[in-house]
Amino acid sequence: MTSQKSVLLVIGGGIAAYKCLELIRLLAKRNIKTRVILTKAAQEFVTPLSVAALSGEKVYTDLFDLDDESEMGHIQLSRSADLVAVVPATADLMAKMATGQANDLASTALLATDKPVMIAPAMNVRMWDHPATQRNLAQLKEDGVLVVGPDKGDMACGEFGPGRLSEPSVLADAISNFFHDRLPTGPLAGRRMIVTAGPTHEPIDPVRYIANRSSGKQGYAIAEALAGLGADVTLISGPTRLPEPEGVKTVQVQSAREMLEATQKALPVDGAVFAAAVADWRVENGSDQKIKKQDGALPSLTLAENPDILATVSQMQTGRPELVVGFAAETQNVIENGQAKLTRKGCNWIVANDVSPETGTFGGDDNSAILITDGGVDPWPTLTKKEVAVALALRISEHFQGKN
Ligand code: CTP
């Protein structure tokens, strides 16, 4: 489960302010919490009461109300959400933001925040086209403010052109994409990646299964590190106890066959990292009902070999990812076995690691990995799994550097 995200919504005083009520509703449907600041002018268009009813939160209107000890201070308020969104961003609010004014609650919060800011401008077309507004817009973009819209169309004032507030559904998508999709920047921005992680569970009957000791920590850390460099990551995870990483699309599966299916569904991608400890065998004669004891007679389980996901993807004739990275869990002759695995499966790189019980790698936090590529063998010192993940993600981004 990804933790709930929240938006501090600054509603500006424009005719389109009423559309924020729909926006708050759409965000709630996407499990995004909204806390609202209404400017004085905005209160001419929507009432604090209607906003409070929809957001389920106290609505903030006045800088000086917040001096009360029992209230949240304006600095705290400005940092209480994951994103600050200004909707509609009026010409006046944009001017205040661009010049760093702080003379009411909204502008003070916007100056004090340390969170990303998104604006959705809306105003009369001439106001939008005015060099002063365009100057402010350029300044805001330079300051890192994200801008959605405005749309072109018939305006409430009877004119036609750019200046209409983007539709609430578009704004809700922009906000949820900001939280859940790929980060807009980073060396892997625009690259799609798959990571498999965790063990698989191969059912024997509805209550029993074959499993292994993989915790999923390494694969989850890789997914997170790749997303941190801007990649659009799909994490295909067997059963683990880990929280789903931020900014990554996670698909939960149980068995090897489900993992293969989810992997194929996530294609095409630029790169794939197969960190899962996939069960080599499944039970072919599994039962739909719980198997009962039968006077000492032992059930006999017949095993069948599972599909090899890494080999299947590595050997695809069309649509193979450009870079396929496998893991080799070994207990002896780590480099030789790793190299043999690279050739046998047909992947580009292998991260080989010693999983002998004395290393504590399986289930633990550390990993002594050796990266095997066609360029050679690169042993890494013992690192935490998070550090291995970052090192691997950086190597992957170097691989893609300069390619389109
Ligand atoms: N792998 C896979 N599908 C399988 C088995 C393994 O995708 N059915 C992948 C793993 O995710 C890993 C790599 O293959 O990236 C090697 O896994 P490992 O368990 O070390 O190798 P095996 O192929 O199982 O070989 P062996 O157990 O004989 O060493």
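We count ligands from 1, going down the list as the structure has it; atoms in each ligand are counted the same way.
We find the NZ-CD1 distance between K29 and I24 to be 15.0 Å, quoted to the nearest 0.5 Å.
The pair D232-R191 does not meet the salt-bridge criterion, since no charged nitrogen lies less than 4.0 angstrom from a carboxylate oxygen. A salt bridge does not link D62 to K40: none of the charged side-chain nitrogens sits closer than 4.0 Å to a carboxylate oxygen.
Screening residues 369-381 for side-chain hydrogen bond (donor to acceptor under 3.5 Å, both in side chains), with sequence neighbours left out, gives D378-R395.
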For ligand 1, list all ligand N or O to protein N or O distances below 3.5 Å, rounded to 0.1 Å.
| from | atom 1 | to | atom 2 | distance (Å) |
| --- | --- | --- | --- | --- |
| ligand 1 | 3 (N) | I309 | N | 3.0 |
| ligand 1 | 7 (O) | I309 | N | 3.4 |
| ligand 1 | 7 (O) | L310 | N | 2.8 |
| ligand 1 | 8 (N) | P307 | O | 2.9 |
| ligand 1 | 11 (O) | F274 | O | 3.3 |
| ligand 1 | 11 (O) | A276 | O | 2.7 |
| ligand 1 | 14 (O) | K345 | NZ | 2.9 |
| ligand 1 | 15 (O) | F274 | O | 2.6 |
| ligand 1 | 15 (O) | F327 | N | 2.7 |
| ligand 1 | 15 (O) | F327 | O | 3.2 |
| ligand 1 | 20 (O) | A329 | N | 3.0 |
| ligand 1 | 20 (O) | K341 | NZ | 2.7 |
| ligand 1 | 21 (O) | K341 | NZ | 3.0 |
| ligand 1 | 23 (O) | K345 | NZ | 2.4 |
| ligand 1 | 24 (O) | D280 | OD1 | 2.9 |
| ligand 1 | 24 (O) | D280 | OD2 | 3.3 |
| ligand 1 | 29 (O) | K341 | NZ | 2.8 |

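Checking Q218, E387, K386 one by one against N367, the side chain to side chain donor-acceptor pair (under 3.5 Å) holds for a single residue, Q218.
Judged purely by atom type and a 3.5 angstrom limit, N306 uses its side chain to pair as donor or acceptor with the backbone of A279.
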